[in-house]
Amino acid sequence: MKQSLKSILLLFSLITFIGCVTPVKKPTTNNINNKSGAVTLKIGFPIYFPLVPDRLASKVFLMKLSKDKKNYAELPVVESTFESRDQVTFLNLEPGDYVIAGFYRLDQQSNHSADLFVILDDESITKSTFRVKENEMNILGTIYCMIAKDGLNLQGNQLELSKKIAPGVENNRAGVLLTAVIGGHTKQVRIETITKIKNSREEIDSFKPVLSESFEGTIWKSHFKNLN
């Protein structure tokens, strides 16, 4: 029994180690829009098991606030540019105030797998407000969420946002249930709430080495004046 436990712990350690040494990804575009700003963050669901990494988003969706739009559902959704080592980055953002609409992660368990699209509840969307400045990389830190409710009965802003982030998923009740019973692959959506934001100076600084690698050899390297 002890040997089996040691083997399991070793496997988790190897998974963690491999995840830390994966090659850094770079942006596929060097075109900088006029007065462009950017943002990077980590967002996901904590596992709370020793040596088991938290599940973090591979894609995030933002919305730029507008005085002309009264509801979040009326705002256009912006998809993240690229992800590297769990850091999700947006490039070529217009300066202004933004909020997080939701995120995406691949959720796999044996042969019962689903592409999981997460929509934040209205309170969390408001809580996530941040500002993008010209020529700067805004590092939000790490944002953790917990399940608020399943997305099989989406209503209000969350229903409308799901149509933009994952079209058709809001009607996927049968597909989700069938996957849970017999396996296969489908898409599902659920609503989550922000429970914790880690944005200490140490947390913010921990993002910079990956960003430096990502932008090395690109025009972005000198564009962001606050990354030096």
Side-chain angles (χ1 to χ4, degrees), residues 27-44 56-83 87-105 116-146 148-149 151 153-171 187 189-199 204 207 211 219-220 223-227:
T28 57
T29 176
N30 280 330
N31 297 322
I32 299 178
N33 292 345
N34 188 34
K35 297 184 178 181
S36 172
V39 66
T40 190
L41 72 158
K42 295 180 183 178
I43 184 169
L56 297 168
S58 55
K59 186 182 297 183
V60 178
F61 303 92
L62 301 180
M63 297 181 293
K64 187 173 187 288
L65 297 179
S66 169
K67 294 180 180 179
D68 299 329
K69 307 295 183 183
K70 302 300 181 182
N71 298 317
Y72 290 132
E74 299 177 19
L75 300 173
V77 171
V78 181
E79 185 177 315
S80 52
T81 309
F82 73 101
E83 174 271 336
Q87 294 180 198
V88 182
T89 302
F90 291 78
L91 299 175
N92 280 328
L93 293 178
E94 295 179 357
D97 292 328
Y98 288 78
V99 291
I100 301 171
F103 58 99
Y104 161 91
R105 63 173 174 257
L116 178 60
F117 292 86
V118 172
I119 310 296
L120 294 185
D121 59 16
D122 281 358
E123 183 178 352
S124 293
I125 293 175
T126 301
K127 184 179 180 180
S128 73
T129 305
F130 63 93
R131 177 159 293 182
V132 171
K133 297 181 180 180
E134 180 181 349
N135 295 343
E136 288 191 8
M137 170 64 72
N138 189 328
I139 303 175
L140 298 186
T142 303
I143 299 173
Y144 287 111
C145 300
M146 295 292 285
K149 54 182 148 180
N153 296 295
L154 290 167
Q155 299 178 357
N157 284 326
Q158 281 62 44
L159 172 60
E160 297 308 313
L161 288 176
S162 74
K163 293 177 181 179
K164 297 179 181 180
I165 292 174
V169 175
E170 72 277 1
N171 299 317
K187 295 181 179 180
V189 62
R190 73 180 184 213
I191 301 171
E192 292 194 3
T193 183
I194 293 176
T195 58
K196 184 177 182 180
I197 301 176
K198 295 173 61 179
N199 58 0
I204 298 303
F207 279 69
L211 290 173
I219 195 171
W220 297 100
H223 180 70
F224 301 121
K225 58 187 179 183
N226 63 324
L227 283 185

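Keep in mind that the numbers below use all heavy atoms, side chains included, and drop hydrogens, waters and symmetry copies. As the structure is a computational prediction, the values presented were derived from the model and not from experiment.
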Problem - Nearest-0.5 Å distance that lies between atom CE in Met63 and atom CD1 in Ile125 - result: 4.5 Å
Handout entry: Between Asn71 and Asn157: side-chain donor-acceptor atoms closer than 3.5 Å
Key = no
Handout entry: Short side-chain to backbone donor-acceptor contact, Thr81 and Leu91, under 3.5 Å
Key = yes
Problem - Leu65, CG atom: more than 12 neighbouring heavy atoms under 6.0 Å - result: yes
Fill in the blank from the handout: Separation between OG (Ser80) and CZ (Phe103), nearest 0.5 Å, reads 12.0 Å
Completion exercise
Residues at least two apart in sequence or cross-chain that pass side-chain hydrogen bond (donor to acceptor under 3.5 Å, both in side chains) with Thr193, listed by chain then number, are Asp121, Ser124
Problem - Gap between atom CG of Leu75 and atom NZ of Lys70 - 0.5 Å precision - result: 11.5 Å
Handout entry: Atom pair CG (Leu62) and CD1 (Ile100), whose distance is rounded to the nearest 0.5 Å
Key = 6.5 Å
Practice task
Would you check if Ile219 and Ile32 make a side-chain contact, meaning some heavy-atom pair closer than 4.5 Å?
Solution key: yes
Problem - Ser66 (side chain) donor-acceptor with Asp68 (main chain) under 3.5 angstrom - result: yes
Problem - Residues in side chain to side chain contact (heavy atoms under 4.5 Å, CB included) contact with Lys64, at least two apart in sequence or another chain - result: Glu94, Tyr98
Exercise for the section: Could I get the full list of side-chain hydrogen bond (donor to acceptor under 3.5 Å, both in side chains) partners for Glu192, not counting sequence neighbours? Expected result: Arg105, Arg190
Exercise for the section: Using a 4.5 Å cut-off on heavy atoms from C-beta on, say whether the side chain of Leu211 contacts that of Leu227. Expected result: yes
Exercise for the section: Check Phe117 against Ala166 and note the closest heavy-atom contact, atom names and distance. Expected result: CG-CB, 3.5 Å
Fill in the blank from the handout: One should read off an interatomic distance between Lys42 NZ and Leu56 CG, to the nearest 0.5 angstrom, of 7.0 Å
Handout entry: side chain to side chain contact (heavy atoms under 4.5 Å, CB included) against Glu83, all qualifying residues, sequence neighbours excluded
Key = Lys25, Asp86, Val88
Show the atom names and distances, to 0.1 Å, of all donor-acceptor pairs under 3.5 Å that link a side chain in residues 130-144 to residues at least two apart or in another chain.
{"from": "Arg131", "atom 1": "NE", "to": "Asp97", "atom 2": "OD1", "distance (Å)": "2.8"}
{"from": "Arg131", "atom 1": "NH2", "to": "Asp97", "atom 2": "OD1", "distance (Å)": "3.3"}
{"from": "Arg131", "atom 1": "NH2", "to": "Asp97", "atom 2": "OD2", "distance (Å)": "3.1"}
{"from": "Asn135", "atom 1": "OD1", "to": "His223", "atom 2": "NE2", "distance (Å)": "3.3"}
{"from": "Asn138", "atom 1": "ND2", "to": "Arg131", "atom 2": "O", "distance (Å)": "2.6"}
{"from": "Thr142", "atom 1": "OG1", "to": "Glu203", "atom 2": "OE2", "distance (Å)": "2.5"}
{"from": "Tyr144", "atom 1": "OH", "to": "Asp54", "atom 2": "OD2", "distance (Å)": "2.9"}

Practice task
Over all heavy atoms of both residues, which pair between Cys145 and Leu120 is shortest? Give the atoms and the distance, please.
Solution key: SG-CD2, 3.9 Å
Practice task
Quick one: closest heavy-atom pair of Val60 and Gly102, and the distance?
Solution key: CG1-O, 3.6 Å
Exercise for the section: Go through the structure and list residues passing ring-ring contact (aromatic ring centres under 6.0 Å, His included) with Phe207, not counting sequence neighbours. Expected result: none
Fill in the blank from the handout: By salt bridge (Lys or Arg N to Asp or Glu O under 4.0 Å), Lys164 pairs with (sequence neighbours left out) none
Practice task
Taking all non-hydrogen atoms of both residues into account, name the closest pair between Lys196 and Lys198 and its distance.
Solution key: CE-CG, 3.8 Å
Handout entry: Atom pair OG/CZ of Ser36 and Phe90 - distance to nearest 0.5 Å
Key = 13.0 Å
Problem - Whether Asn92 side chain and Asn31 backbone form a donor-acceptor pair below 3.5 Å - result: yes
Exercise for the section: State, to 0.1 Å, how close Leu161 and Tyr72 come at their nearest heavy-atom pair, and which atoms those are. Expected result: CD2-O, 3.9 Å
Exercise for the section: Determine the minimum heavy-atom distance between Val189 and Ser162, stating which atoms define it. Expected result: CG2-CB, 4.4 Å
